[in-house]
Amino acid sequence: MEKPHVSTTNNILWFFKAFFPFQLLIAHLKYNLLALVYWLLLFLIITDQLGSAFGVPLLFYSPEYLGQVSALSFGILGFSIGGFNMGFNTYSYMKLAPQFQFLASLTNPFLKFCINNSIIPAVFTIVFIVRFTEFQLEQEFASGFTIFLYVMAYLSGFTLFHLLSAIYFFPMNRRVRKSVLNLDDEKNTKAEKIASTFIPNKDKWSNIKGKQNDRIFIYFGRRMRFFSSRSNTHYKKELLIKIYERNKINATIFETLTLLSFVLLGLFRDLPYFEFPASVSITLLLTIILMLFSALLSWFHRWTYPIIILLIIGMDILSVKTSFFRYTNYLYGLDYSEEKKVDYTLERIESVCNSDLNQLKTKSNIINILDNWKKKTKLNKPKLIILNVSGGGSRSALWTLNCLQNLDRELNSKLFNHVQMITGASGGLVGAAYYRQIDLKHQLKEISDPYAQEYRDRMGADLLNRLSFAASTNDIFFRYQNTVINNHVYTKDRGLAFENQLHENTNNFLDVPLSYYVPYEQKAQIPLLILTPTVVNDGRRMLISSQPLTFLTQGIEGLSRVSKSFENIDYLSFFSGSNPLEVRFSSVLRSSATFPFVMPMVTMPTKPEIQLMDAGLRDNYGGKITMEYLNELNSWISENTSGVIILQIRDTKKVLDNESYQQISLMDKFTLPFGNMYSNFPRTQDFDQEELLKIGCQQFTFPVDLISFNLRENSKDRISLSWHLTKQEKEKIANAFQSRRNKHSLEQLKRLLQF
């Protein structure tokens, strides 16, 4: 080991001032704060401080690849975080290397920079291993040996990316030193031209503050031994600049190749082996953003930020004036040709909603369905059940399916004899639609056991990995692949990836057009299903069903047309010229489950374009459309039934057990007005719908009973709002039906149905 000029044991303060890794950390805080933000995001995720409500940390603690958590999945995650770390190193080298000019005098300066820039990734690795070890022990019930394999796999993946990077950088650095030592070399002249292309403002780049030619630094060198730097005043300035320039060129090429490889991965995203864990996709996305910013900074320096702002403004203008950057997502199967697009104006909305003929015809059709439903029950005055299911991603989907299977079994396979209509939002409707299809296939004798565990396993399977991988590789930045459905060409994006994964998970049961359900609903073989996605443009609701629903769009009877807002729009009537029944049913389900940013908003064929988003924005439990439905059919229900049961399958109890409130802090006073709008959003809907139910029950001429089955009853329970479930979360969902309150609800339901 080369001895430093000053003993580190006698002068700790001097040591820290000279210790290169520590000084690099200080330099990051002073000159490279933006790059640290990316690490901060990862630290917040793995410490359960960011995205915990949506289960983002769990995606890192328990990455799933090819349907299971394994050493391979942890190895892939380690490889992706290794890629992120190398992106961080290349970006940091461009920003900070000129601050430490002694690097230019070293062999393999970039490698030594990376070694000494390892404090942050080392701390991250330690914290992450501790966190996922705790999770695997407590939540996934993994053995000590299994966790050891996971740790080794993660570290191996992390190391592998750095070894592959070293294979690239070692030969490059040797060529750099060989060329810069011969300033008159013909190859060097060519390199000058390359440098002027990659670094157009090289004079400004080299003229950075902090020239410390004589300062001594202690750094990690060969075999992780301490070395002290030597003065580099005897080096020519031109030589130092050339070494920096060449290393910067190498780093830029490396970044470009890495970015291209990520884009190329998108070409293979439909192959199962490329359905990487969702945590890998998150890391991949952060890496892409970091590297893109690094490339822009390399080219434009201080002009980078204004250029990014101008690019965003330009993209926004082009997205309005042209077809570029619109990132349109579709209801697959619907005709989006220009001649079929309809005007989205108040006049057209009013004319479709207020058509007396359509209202009479659609109401007559529903009454005919009700008549068939009553015959099916073989009862004089049966109880009519309206099923309301809440949103909540995979937890609601699996909970709804689990609940319906158990209820139907307890009621001797007669639950759907009484359920006449299903509505709700998001994941709950995915689970309800899946069980409705299972029940139909059982009636058609295509399956033997509708209560089989297989269907719960399928409903709980991952839906997030393919979706997130599509988003991170080419969905957000480049969309260059198309698909053909019903002779219509659509762009491939994460919406299509989600649907394809849903089909795969559910035996392709839901891979049917909306028209498939028309005869079965009309004969009342299966309940009517109504979806109510929100029109983002104006807050209205699109009522989507295989049956026309214009009778639900007229608003309050007795109001003049001027006073009506026409809140509901009937999908079949409004888009009658675009073959609305040929749309894929999975697309319709997705339109009601487009949680912001996770899933793309669905564009409709209108002028101007309108966007559909999650039904939960307006009615997460289906209570509003239920009351409107009962109000319009009040007379028939009163004459033909003994009353209505509103059966709620909720992912969260209205008032949780052990719920408490805390004294608000000074910071809370600034954040609560905004956070309140989100955190109390479901509760506000509960308050509104309870009031609506109270008023409705006073108007109805038939009795109404409300029965709820709740997944989460205690405030300390946690099941993430995500399209991915852990093993322990699935176990919680499986056991929730046996809770004391849910058993009481079952007895109440049996009593009302006289079982």
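Index from 1, following the sequence.
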Kindly determine whether His724 and Leu58 satisfy side-chain contact (heavy atoms from CB on, under 4.5 Å), including the steps that lead there. CA-CA 9 Å; His724 178 93; Leu58 309 188; 5.8 Å; no
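- Contact record, Pro121 with Asn85: CG-OD1, 3.4 Å, taken as the closest heavy-atom pair.
- For Gln136, the side chain to side chain donor-acceptor pair (under 3.5 Å) test picks out no residue, with sequence neighbours left out.
- Closest non-hydrogen pair, Ala71 versus Tyr150, comes out as N-CE2, 3.6 Å.
- Within the 4.5 Å cutoff, the side chain of Ile129 has heavy atoms near those of the Phe132 side chain.
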Should Trp723 and Gln501 be marked as a side-chain contact (heavy atoms from CB on, under 4.5 Å) after you check the CA-CA gap, both sets of side-chain angles, and the distance that decides it? CA-CA 11 Å; Trp723 290 112; Gln501 187 65 62; over 6 Å; no
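- Ser118 is linked by a side chain to side chain donor-acceptor pair (under 3.5 Å) to nothing, counting only residues two or more places apart in sequence or in another chain.
- Inter-residue side-chain proximity for Pro63 and Ile76 is flagged as unmet; no heavy-atom pair is nearer than 4.5 Å.
- Side-chain atoms of Ser394 never come within 3.5 Å of backbone atoms of Leu725 as a donor-acceptor pair (strictly under, hydrogens ignored).
- Between Gln139 and Thr726, the side chains place no donor N or O within less than 3.5 Å of an acceptor N or O (distance only, hydrogens not considered).
- Looking at heavy atoms from C-beta onward, Asn32 lies out of side-chain contact with Leu36 at the 4.5 angstrom threshold.
- Taking CD1 from Ile308 and CH2 from Trp303, the interatomic distance works out to 14.0 Å, rounded to the nearest 0.5 Å.
- Residues Val280 and Tyr65 form no side-chain contact, since every pair of their non-hydrogen atoms from C-beta on lies 4.5 Å or further apart.
- Annotation: side chain of Leu50 is not in contact with side chain of Val56 (no heavy-atom distance under 4.5 Å).
- Closest of all the heavy-atom pairs between Gln728 and Glu140 is N-OE1, 4.5 Å.
- Remark: Ile126 pairs with no residue by the side-chain contact (heavy atoms from CB on, under 4.5 Å) rule, at least two apart or across chains.
- Taking each heavy atom of Gly87 and Leu290 in turn, the nearest pair found is C-CD2, 3.7 Å.
- None of Phe79, Phe128, Phe60 except one satisfies the ring pair (Phe, Tyr, Trp, His ring centres under 6.0 Å) rule with Tyr154; the exception is Phe128.
- Taking the side-chain contact (heavy atoms from CB on, under 4.5 Å) definition, one finds that Ser156 meets it with nothing, sequence neighbours left out.
- Residue His28 forms a ring pair (Phe, Tyr, Trp, His ring centres under 6.0 Å) with just one option from Phe22, Phe88, Tyr91, and that option is Phe88.
- Between the CG atom of Leu284 and the CD1 atom of Ile288 there is a distance of 4.5 Å, given to the nearest 0.5 Å.
- When the side-chain contact (heavy atoms from CB on, under 4.5 Å) test is applied to Ala461, the partners found at least two apart in sequence or on another chain are Asn505.
- Contact annotation: the side chain of Phe113 never approaches that of Tyr219 to less than 4.5 Å [non-hydrogen atoms, C-beta and beyond].
- Here the options are Phe226, Phe227, Phe20, the test is ring pair (Phe, Tyr, Trp, His ring centres under 6.0 Å), and the partner is Phe220; only Phe226 passes.
- Using modelled atom types, one side-chain atom of Asn465 and one backbone atom of Glu64 make a donor-acceptor pair closer than 3.5 Å.
- For the pair Phe74 and Met152, the minimum side-chain heavy-atom distance is 4.5 Å or more.
- Contacts classified as side chain to side chain donor-acceptor pair (under 3.5 Å) and involving residues 35-49 (residues at least two apart or in different chains) are given here: Asp48-Arg718.
- Closest non-hydrogen pair, Arg131 versus Ile46, comes out as NE-O, 3.2 Å.
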